[in-house]
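Here is the structure we will look at.
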Amino acid sequence: MAVMNNEALAGIFPYRPLYVVKVGSSSLRHASVYDDLAALSAGGARLLLVAGGAADIADYYAGIERPMRMLRLASGDEVRYCPPEEMPHIVAAYEQLTLPRIRENLGQRELTVFAATATPEGLVTGTPNRPLRVVEGDRQRLVRDHRAGAVSAVDVSRLLSLLDTFDVVCVSPPVTASDGGAPINVDADVLAAEVANALDADHLRLVTGTPGLLADPSDRTSTLPHLFRGEGMTYAGGRMRQKVRAAELALKGTADVAITGPHTANTHGGTRFWRAAAPEPDLDLLTRMVEISSVSGGERELALYLLKWLTEKGVHAVIDPAGNLVATRGSGPRRLLMVGHLDTVPYRWPVAWDGAALTGRGCVDAKASLAVFLQTLVEFEPPEGVTVRVVGTVEEERTASGSLYARDHYPADAVIIGEPSGAGAVTIGYHGVCKVRMDVARTTGHTAGRERRTAASSLVDLIGEVEAEVGKCSPEALFAVLNLASGGSGGTQTASAVLDVRVPPGTELDSMLSVFEDGELLLATPPVSTPRTDPLVRAFTRALRAATGDAPRLLAKKGSSDMNTLATRWRGVPMVAYGPGDAHLDHTPDERLPADEYRRARTVLSAAVRDWCVR
């Protein structure tokens, strides 16, 4: 028996990726930007739009026949003069031109929108700059009333509340002044970067009218696809300097950062900014995969990045209807399938190389495994009659929807699952898993009663009873409580818990499920193992022995993986799991992967794949 209640599983740790997208008023006149936002929202993303207003401010001033006052700096640059008397007009330009255009276009796409300057209720606060030294003719003077400055505070709780309420939250300059004076004008690109850092956004997109940052501004085909901190200013001029400045500011946070265009938030023609420079080129793919946030439910950006990478390498790749990345080489009746997962559990920290080790969410579980699969595929030409396919699945950490789709659409004669076994070992078996929600309801009453049991108390009793029954069914089974919740309304109290049971090999799944007759079954997958004598296992043992010189280690793990999901329907298909890294670091804030571990895994996998394909 196999059960997958995807909707309920997704609720165990619901996650919607957060995009902060900065769009200037010139790009806001292009339908492509609104189409991009609508597509992201349809995919489940939360969207915070930061609107620039330079073009609309110019139009507003022209419409009221008011001259726009400018200041020339010692550097030769010109800036708009913003004394207190000008700030109401700048606010009016946003409120009368920019924000209504956004509401109208997003409303046409059936999106709910909150759109305002950042001043109401102190959504963002700014600190005025120091007096500005300007040039007038042959003389210089200090301007003390220029209301421009830098972001000093972001009301995170208020913005998150708005993001939970509206499809798109749009803010624009100016911002509330920390000195209590007239609003502060801030650069919109920098505002977007500050907000992205404060909200711990997954992705920051700085939309421009060119295809990213150009090496030669006169050549629109000269996009610089990858840059690190300090490199962009060499090529940036004019307004692009502020975008580069904002991009590098955002690298202090955890968002995936890109300047995109023309007039689109998609990265296919843009410039990505990276925090962690790999120590050697063969580690670039791994490093960049870890930098791109891909929490379950938010794998899209990583899938698109890898699709482009594979296409550039000449490998046929697609994103399938489930959102999986699928790459294939060769053709023929013998089919080898390698399944890794794109997603991670929540929580991120800035990716970095610490000496010879990479740190960051997902470097162990399990982006390194998928990177090894992809690099092996790119470098391997399958022999005649053999098809080798790599699938990067979505939602492995929650609903297993990606591997379920793979199970039903990509049949195989042998399967390698991408999970950390350590470069010197291979996993040949996993426990099965049952996830069950138990609910209790009780009539509300005063807790001072002698025999009174609340819903929460009754749930605690029930959990103890279920754990005891699990132990009777299988003494080797592992039992855990994933979460607890209580509430109620009117005269009823409620309490619920999600229970997680790991089912060892040799225990029938159906017998374990009989323990949970009174609960809602969310997930049930069987234990699975592959004999040591199988040709796939032997291909790995030969590869491991050749690479390490030691006796290969064959593991049976108490966790579960996509191997269990495939086994819900596939019978007699040999499967193993292999990948670099220490599995004890899975889901911890201590994930780290040494470079030599990663390279050793590439050597072993390449040899094992070749062995299986040619024998």
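All values reported here derive from a predicted model rather than from experimental measurement. This chain uses plain numbering: 1 for the first residue, then up along the sequence.
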Name each donor-acceptor pair under 3.5 Å that joins a side chain in residues 44-51 to protein atoms two or more places apart or in another chain, with its distance.
unit_1	atom_1	unit_2	atom_2	d
R46	NE	R16	O	3.0
R46	NH2	R16	O	3.2

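Checked options D36, D256, N266, T267; the residue passing with R205 is D256 (criterion: side-chain hydrogen bond (donor to acceptor under 3.5 Å, both in side chains)). Applying side-chain hydrogen bond (donor to acceptor under 3.5 Å, both in side chains) to R407 and the options T568, T393, T565 leaves one that passes, T568.
A distance of 7.0 Å separates CD1 of I417 from CG of L337, quoted to the nearest 0.5 Å.
At least one side-chain heavy atom of F540 sits under 4.5 Å from a side-chain heavy atom of L605. At a threshold of 4.5 Å between non-hydrogen side-chain atoms, the residues R389 and R335 do not count as touching. Contact of the Y578 side chain with the L544 side chain is registered, since non-hydrogen atoms from C-beta on lie closer than 4.5 Å.
Applying the salt bridge (Lys or Arg N to Asp or Glu O under 4.0 Å) criterion to R29, with sequence neighbours excluded, gives D56, D59.
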Exercise for the section: Take L325 and L310 through the side-chain contact (heavy atoms from CB on, under 4.5 Å) test and state the conclusion after the steps. Expected result: CA-CA 10 Å; L325 173 78; L310 287 161; 4.0 Å; yes
Exercise for the section: Test side-chain contact (heavy atoms from CB on, under 4.5 Å) on H409 and D320 and set out the steps. Expected result: CA-CA 10 Å; H409 292 84; D320 70 18; over 6 Å; no
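Y305 and W274 have perpendicular rings, their planes meeting at more than 60° on a 0 to 90° scale where under 30° would count as parallel.
The existence of a salt bridge linking D202 and R348 is confirmed by a sub-4.0 Å separation between a basic side-chain nitrogen and an acidic carboxylate oxygen.
Among residues at least two apart or in separate chains, side chain to side chain donor-acceptor pair (under 3.5 Å) pairs with a member in residues 236-248 are D187-R239, D187-Q242, D189-R239, D189-K243.
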